[in-house]
Amino acid sequence: MTTTTNRPKKLAQAKTPAAGEPRRRMPLWRRIVRDRTVLLLALPAMTVIVVFQYIALGGNVIAFQDFQPYLGIDRSLWVGFENFSILFNGDPEFLRALRNTLFITALQTLFVFPAPIVLALLLNSLVSNRVKQAVQSVLYLPHFLSWVIVVAIFQQMLGGAGMLNNWLRARGWENIDIIGNSDVFYALITSQIIWKDTGWATILFLAVLSQIDRSLYEASAMDGATRWRQTWHVTLPGMRPIIILLFILKLGDSLSVGFEQLLLQQQAVGLDVAQVLDTYVYNNGVVGGAWGVSAAVGLVKGLVGLVLVLVANKVAHIFGEEGVYKA
Amino acid sequence: MTATHTDAPSARQQRKRRRRSGALIDGVPRPGPVETFIKAIVLGIACLLVVLPFLGIISTSLATPEQVVEAGGFVLFPEGIDLTAYRSVFAGGVVTQALGVSMFVTLVGTLISLTMTAMLGWALSRRGSVGNRQLLVLVLVSLLFSPGIIPSYLVVQQLGLLNSLWALIIPTSVSAFNVIVVRAFFVGLPQEVMDSARIDGASEWQMFRYMGLPLAKPVLAVIGLFYGVGYWNAFFNALLYISDTSKWPMQLVLRTYVVDGNQIGIQDLGAEVTLPPQTSLQMAILVISIVPVLIVYPFLQRHFAKGMLTGAVKG
């Protein structure tokens with residue numbers, strides 16, 4: 001595992017071969033002709049990236065337009081910051097989406113984020129490798145199911161005709177309404193995320209745990225540390241960099257909470273609890289035709305995410321951590 | 001991860017011996033019985049929570065209509081096996097069609113994605129060629145942002161891809177992350193092999209086709225499986241770009257008939273069939289959409305940790 005990731009770097013730095021000797025004095029067109037095959041190989045995928053990432057990014061200009069689909073970007077009217085002012089003057093629909101988003105983000109930070117760390121510690125403490133791998137194989141699986149399937153499975157398990165209620169009925173007990181009950185909606189979506197992705201998210205943590213220096217454990221054991229004290233003084237500090245890194249990356253996504261997941265379940269509980277910023281953009285823009293305003297929301301959301309990552313990274317540096325990147 | 005396998009017998013014996021003597025295991029004191037018991041319970045419940053739903057869904061889809069009706073929806077232990085639900089679903093209606101669409105998108109999409117990813121990965125690994133650094137920066141930066149729902153929609157619309165199956169393939173065909181993983185692999189290949197090929201007169205294309213590609217097979221297999229699962233599971237793009245129900249992929253059918261609980265009628269299934277209970281049909285659709293993932297999962301499973309890590313370290 002480590003060999004495949006470490007070796008390439010050194011080799012690549014040692015030599016710079018590629019298509020012939022790189023000579024600075026060669027005119028640009030000669031070099032293009034020389035490297036034509038490499039450039040042609042790059043062309044199709046680069047086209048996709050440029051069109052669907054970079055050109056699409058430019059499409060955000062409609063946030064400053066009264067965009068009409070039949071007029072297109074060139075002929076739609078420019079309105080400056082009007083679309084933004086509608087938002088920041090306290091449009092109740094927007095505020096509701098914002099409030100729900102922030103609440104769900106808080107729940108995720110509190111419950112979803114630590115879950116894989118705990119699970120990884122648990123898995124790592126298993127003595128038998130065979131048991132460990134068997135458990136991992138089972139717990140990774142839900143990650144590969146789509147949100148549609150996950151939501152469907154939860155409905156079939158917890159819904160009116162589902163497994164849980166069948167079981168309760170068979171014992172003559174009352175049905176419990178979980179699906180479509182706005183009171184427990186947040187608990188429901190939180191447990192869905194935990195069910196789907198906790199196992200998968202342990203991969204990185206386990207990899208880090210396996211690289212912690214064994215001698216640290218031995219030394220601490222010599223000093224009389226128990227298992228718990230070893231976890232506290234050796235294991236957790238070893239995990240700290242990756243925990244911080246993932247936390248920073250998570251911050252960047254903190255305004256994009258479970259888009260597909262929420263869209264799929266909005267009908268059942270209503271927009272009051274299930275409208276978030278992403279679904280607001282979709283419902284009002286693509287479905288409702290308020291293109292400019294929705295694009296403005298999307299743009300602000302993206303910018304806030306970017307700023308959060310940059311700030312968090314800075315803060316991490318101040319505290320002497322590596323963060324995501326160095327600048 | 002599998003390193004212990006080679007010296008397994010001796011290592012296990014050693015461990016047993018140490019366990020008996022109550023010594024350290026890799027420097028960590030061995031767990032006490034209470035701890036072991038609690039861990040077994042917790043992990044057992046976790047595994048059960050994953051496995052149980054699958055069993056329930058498969059059982060219900062196979063149970064006889066009478067039993068499903070009697071149980072009021074859900075069956076965990078089928079009394080008999082009945083394939084009516086599958087027969088009706090495969091009779092040629094909306095589900096059969098959607099299955100065709102999903103398979104087309106998954107197969108063609110994966111092929112296209114793999115080809116383009118391998119090509120760009122190779123190109124980016126050729127340091128010293130024109131614009132190499134600039135292209136790499138373009139790819140890396142694209143990892144940092146997503147353009148947003150509405151701009152993406154506008155691009156697809158402008159390209160005239162709305163209501164075309166290509167809208168499910170082209171926009172998501174290149175994952176910058178996977179490109180970086182493939183590039184990392186090519187960069188790691190021993191340079192001497194490449195040099196000797198060049199001395200033997202191989203062109204750039206020949207080196208890619210006859211050296212790079214065959215060597216990269218394992219990486220491409222894993223990435224291909226990831227792309228495949230992605231195409232198979234894609235829901236949102238289909239929702240955005242496909243309104244024509246005859247072009248629906250499985251995920252939209254699932255949403256309509258299972259998540260939203262719309263009734264599936266005879267006209268949807270396109271045949272004379274006697275209609276089994278709705279629950280049976282729903283479960284059959286659910287099983288059909290899960291099975292492909294379950295089939296590739298064992299192949300994926302062995303490799304993904306490595307793939308993930310390569311990407312994480314480089315990106």
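A note on names: the letters A, B, ... follow the listed sequences, proteins ahead of strands, and every chain is numbered from 1. Not measured: the values here are computed from a predicted model.
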Trainee: Check whether B:M194 gets within reach of chain A through its side chain, its backbone, both or neither, counting any heavy atom under 4.5 Å.
Mentor: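 Neither part.
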Trainee: Quick check on the interface: out of B:S142, B:G261, B:A176, B:G148, who has the most heavy-atom pairs with chain A under 4.5 Å?
Mentor: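 Among the listed options, the one with the most contacts to chain A is B:S142.
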Trainee: At a 4.5 Å cut-off on heavy atoms, which part of A:L122 comes close to chain B: side chain, backbone, both, or neither?
Mentor: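 Both backbone and side chain.
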Trainee: Side chain, backbone, both or neither: which part of B:F235 has an atom under 4.5 Å from a heavy atom of chain A?
Mentor: both
Trainee: Below 4.5 Å, heavy atoms only, C-beta onward: do A:Y140 and A:T202 meet side chain to side chain?
Mentor: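 When only atoms from C-beta onward are counted, A:T202 and A:Y140 do touch, with a gap below 4.5 Å.
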Trainee: State the CG-OG distance between A:L299 and A:S294, to the nearest 0.5 angstrom.
Mentor: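 Spacing of CG (A:L299) from OG (A:S294) equals 12.5 Å.
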Trainee: Under 4.5 Å from any heavy atom of chain B, what part of A:L145 do you find: side chain, backbone, both or neither?
Mentor: both
Trainee: Go through the atoms of A:I32 and report whether side chain, backbone, both or neither lie under 4.5 Å from a heavy atom of chain B.
Mentor: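 Contact with chain B: backbone and side chain both.
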Trainee: Just give me the residue among A:F67, A:W167, A:Y54 that pairs up with chain B most often, heavy atom to heavy atom, under 4.5 Å.
Mentor: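 Ranked by heavy-atom pairs under 4.5 Å with chain B, first place is A:Y54.
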Trainee: Less than 4.5 Å to any heavy atom of chain A: does that hold for the side chain of B:V293, its backbone, both, or neither?
Mentor: side chain
Trainee: In terms of heavy-atom proximity below 4.5 Å to chain A, should B:F186 be classed as side chain, backbone, both, or neither?
Mentor: neither
Trainee: Give a yes or no on whether a salt bridge exists between A:E218 and A:R214, defined as a side-chain N under 4.0 angstrom from a carboxylate O.
Mentor: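 So A:E218 does not pair with A:R214 through a salt bridge.
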Trainee: How about A:T235 and A:Y217: does a side-chain donor come under 3.5 Å of a side-chain acceptor?
Mentor: yes
Trainee: Between A:R36 and B:E204, is the closest basic N to carboxylate O distance under 4.0 Å?
Mentor: no
Trainee: So which residue, A:V151, A:T37, A:N166, ends up with the most heavy-atom pairs under 4.5 Å with chain B?
Mentor: A:N166
Trainee: Could you go through B:Q278 and B:Y257, starting from their C-alpha distance and side-chain angles, then the distance that decides it, and tell me whether this counts as side chain to side chain contact (heavy atoms under 4.5 Å, CB included)?
Mentor: CA-CA 9 Å; B:Q278 287 290 323; B:Y257 295 114; over 6 Å; no
Trainee: Can you name the closest pair of heavy atoms from B:V156 and B:A167 and give their distance?
Mentor: CG1-CB, 4.1 Å
Trainee: Checking heavy atoms, do the side chain of A:Q230, its backbone, both or neither come under 4.5 Å from chain B?
Mentor: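 For A:Q230, the contact with chain B is made by the side chain alone.
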Trainee: State, yes or no, whether a side-chain contact exists between A:R227 and B:E35 at a heavy-atom distance under 4.5 Å.
Mentor: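 Contact flag for A:R227/B:E35 side chains = yes.
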Trainee: Heavy-atom distance under 4.5 Å between the side chains of B:Q251 and B:W232, does that happen here?
Mentor: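 When only atoms from C-beta onward are counted, B:W232 and B:Q251 do touch, with a gap below 4.5 Å.
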Trainee: With a 4.5 angstrom heavy-atom cut-off, could you sort out which part of A:S220 is near chain B: side chain, backbone, both or neither?
Mentor: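 Answer is neither: A:S220 stays 4.5 Å or more from chain B.
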Trainee: Report which part of A:V131 has an atom under 4.5 Å of a heavy atom belonging to chain B: side chain, backbone, both, or neither.
Mentor: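 A:V131 has no heavy atom closer than 4.5 Å to chain B.
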Trainee: Give, as side chain, backbone, both or neither, the part of A:F259 having an atom under 4.5 angstrom from any heavy atom of chain B.
Mentor: side chain
Trainee: Side chain, backbone, both or neither: which part of B:L294 has a non-hydrogen atom closer than 4.5 Å to chain A?
Mentor: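 Answer is side chain: those atoms of B:L294 sit under 4.5 Å from chain A.
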Trainee: Heavy-atom distance under 4.5 Å to chain A: side chain of B:L76, backbone, both or neither?
Mentor: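 B:L76 touches chain A through side-chain heavy atoms alone.
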Trainee: Using heavy-atom distances under 4.5 Å, tell me whether B:V155 contacts chain A through its side chain, its backbone, both, or neither.
Mentor: side chain
Trainee: What part of A:V281 lies closer than 4.5 angstrom to a heavy atom of chain B: side chain, backbone, both or neither?
Mentor: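 Both backbone and side chain of A:V281 come within 4.5 Å of chain B.
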Trainee: Is B:L135 in contact with chain A via its backbone, its side chain, both, or neither, using a 4.5 Å heavy-atom distance?
Mentor: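 For B:L135, heavy atoms of backbone and side chain both lie under 4.5 Å from chain A.
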Trainee: With respect to B:W122, which candidate in B:M207, B:R209, B:R183 satisfies the side-chain contact (heavy atoms from CB on, under 4.5 Å) definition?
Mentor: B:M207
Trainee: With a 4.5 angstrom heavy-atom cut-off, could you sort out which part of A:A225 is near chain B: side chain, backbone, both or neither?
Mentor: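 Looking at A:A225, just its backbone touches chain B.
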Trainee: Do you know which of B:V179, B:T279, B:L124, B:D260 has the most heavy-atom pairs under 4.5 Å to chain A?
Mentor: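 Highest number of heavy-atom pairs under 4.5 Å: B:D260.
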Trainee: With a 4.5 angstrom heavy-atom cut-off, which part of A:N165 approaches chain B: side chain, backbone, both or neither?
Mentor: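 For A:N165, neither part sits under 4.5 Å from chain B.
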Trainee: Quick check on B:V141 against chain A: is it the side chain, the backbone, both or neither that has a heavy atom closer than 4.5 Å?
Mentor: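 Both the backbone and the side chain of B:V141 come within 4.5 Å of chain A.
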Trainee: Identify which part of B:L154 has an atom lying under 4.5 Å from any heavy atom of chain A, answering side chain, backbone, both or neither.
Mentor: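 The side chain, not the backbone.
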Trainee: With a 4.5 angstrom heavy-atom cut-off, is it the side chain or the backbone of A:Q53 that approaches chain B, or both, or neither?
Mentor: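 Its backbone and side chain both get close to chain B.
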Trainee: Would you say the side chain of B:L239 lies within less than 4.5 Å of the side chain of B:R255, judging by non-hydrogen atoms?
Mentor: yes
Trainee: Would you mind checking if B:R126 and A:D35 are paired as a salt bridge, meaning a charged N to carboxylate O distance below 4.0 Å?
Mentor: no
Trainee: May I ask you to check whether B:S102 and B:Y231 show a side-chain donor-acceptor distance below 3.5 Å?
Mentor: no
Trainee: Looking at A:W291 versus B:Y153, is the centre-to-centre ring distance below 6.0 Å?
Mentor: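 Here the rings of B:Y153 and A:W291 have centres that are less than 6.0 Å from each other.
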Trainee: Contact part of A:L119 toward chain B, heavy-atom cut-off under 4.5 Å: side chain, backbone, both or neither?
Mentor: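 Side chain of A:L119 only, per the 4.5 Å heavy-atom cut-off to chain B.
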Trainee: Has B:Y297 got a side-chain atom pairing as donor or acceptor with A:L141's backbone, closer than 3.5 angstrom?
Mentor: yes
Trainee: At a heavy-atom separation under 4.5 Å, does B:V258 approach chain A through its side chain, its backbone, both, or neither?
Mentor: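 Its backbone and side chain both get close to chain A.
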Trainee: Tell me, for B:L286 versus chain A, whether the close heavy atoms (under 4.5 Å) come from the side chain, the backbone, both or neither.
Mentor: side chain
Trainee: I need the residue from A:Q156, A:Q265, A:M222 with the largest number of non-hydrogen atom pairs under 4.5 Å to chain B.
Mentor: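 The residue among A:Q156, A:Q265, A:M222 with the greatest pair count is A:Q156.
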Trainee: Testing A:N60, A:V61, A:I55 for side-chain contact (heavy atoms from CB on, under 4.5 Å) with A:L57, which one passes?
Mentor: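 Looking at A:N60, A:V61, A:I55, the match for A:L57 under the side-chain contact (heavy atoms from CB on, under 4.5 Å) is A:N60.
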Trainee: What part of A:L263 is in contact with chain B, defined as an atom under 4.5 angstrom from a non-hydrogen atom: side chain, backbone, both or neither?
Mentor: side chain
Trainee: Centroid-to-centroid, B:F236 to A:W147, below 6.0 Å?
Mentor: no
Trainee: In terms of heavy-atom pairs under 4.5 Å with chain B, which of A:A170, A:P142, A:S146, A:G59 leads?
Mentor: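 Between A:A170, A:P142, A:S146, A:G59, the count favours A:S146.
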Trainee: Identify the two heavy atoms, one from A:V135 and one from B:C47, that lie closest to each other, and give their separation to 0.1 Å.
Mentor: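 Answer, listing the atom of A:V135 first, then B:C47: CG1-SG, 4.0 Å.
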Trainee: Can you tell which part of B:L252 gets under 4.5 Å to a heavy atom of chain A, answering side chain, backbone, both or neither?
Mentor: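 Neither part; nothing is under 4.5 Å.
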Trainee: Answer with side chain, backbone, both or neither: which region of B:Q158 has an atom nearer than 4.5 Å to a non-hydrogen atom of chain A?
Mentor: neither
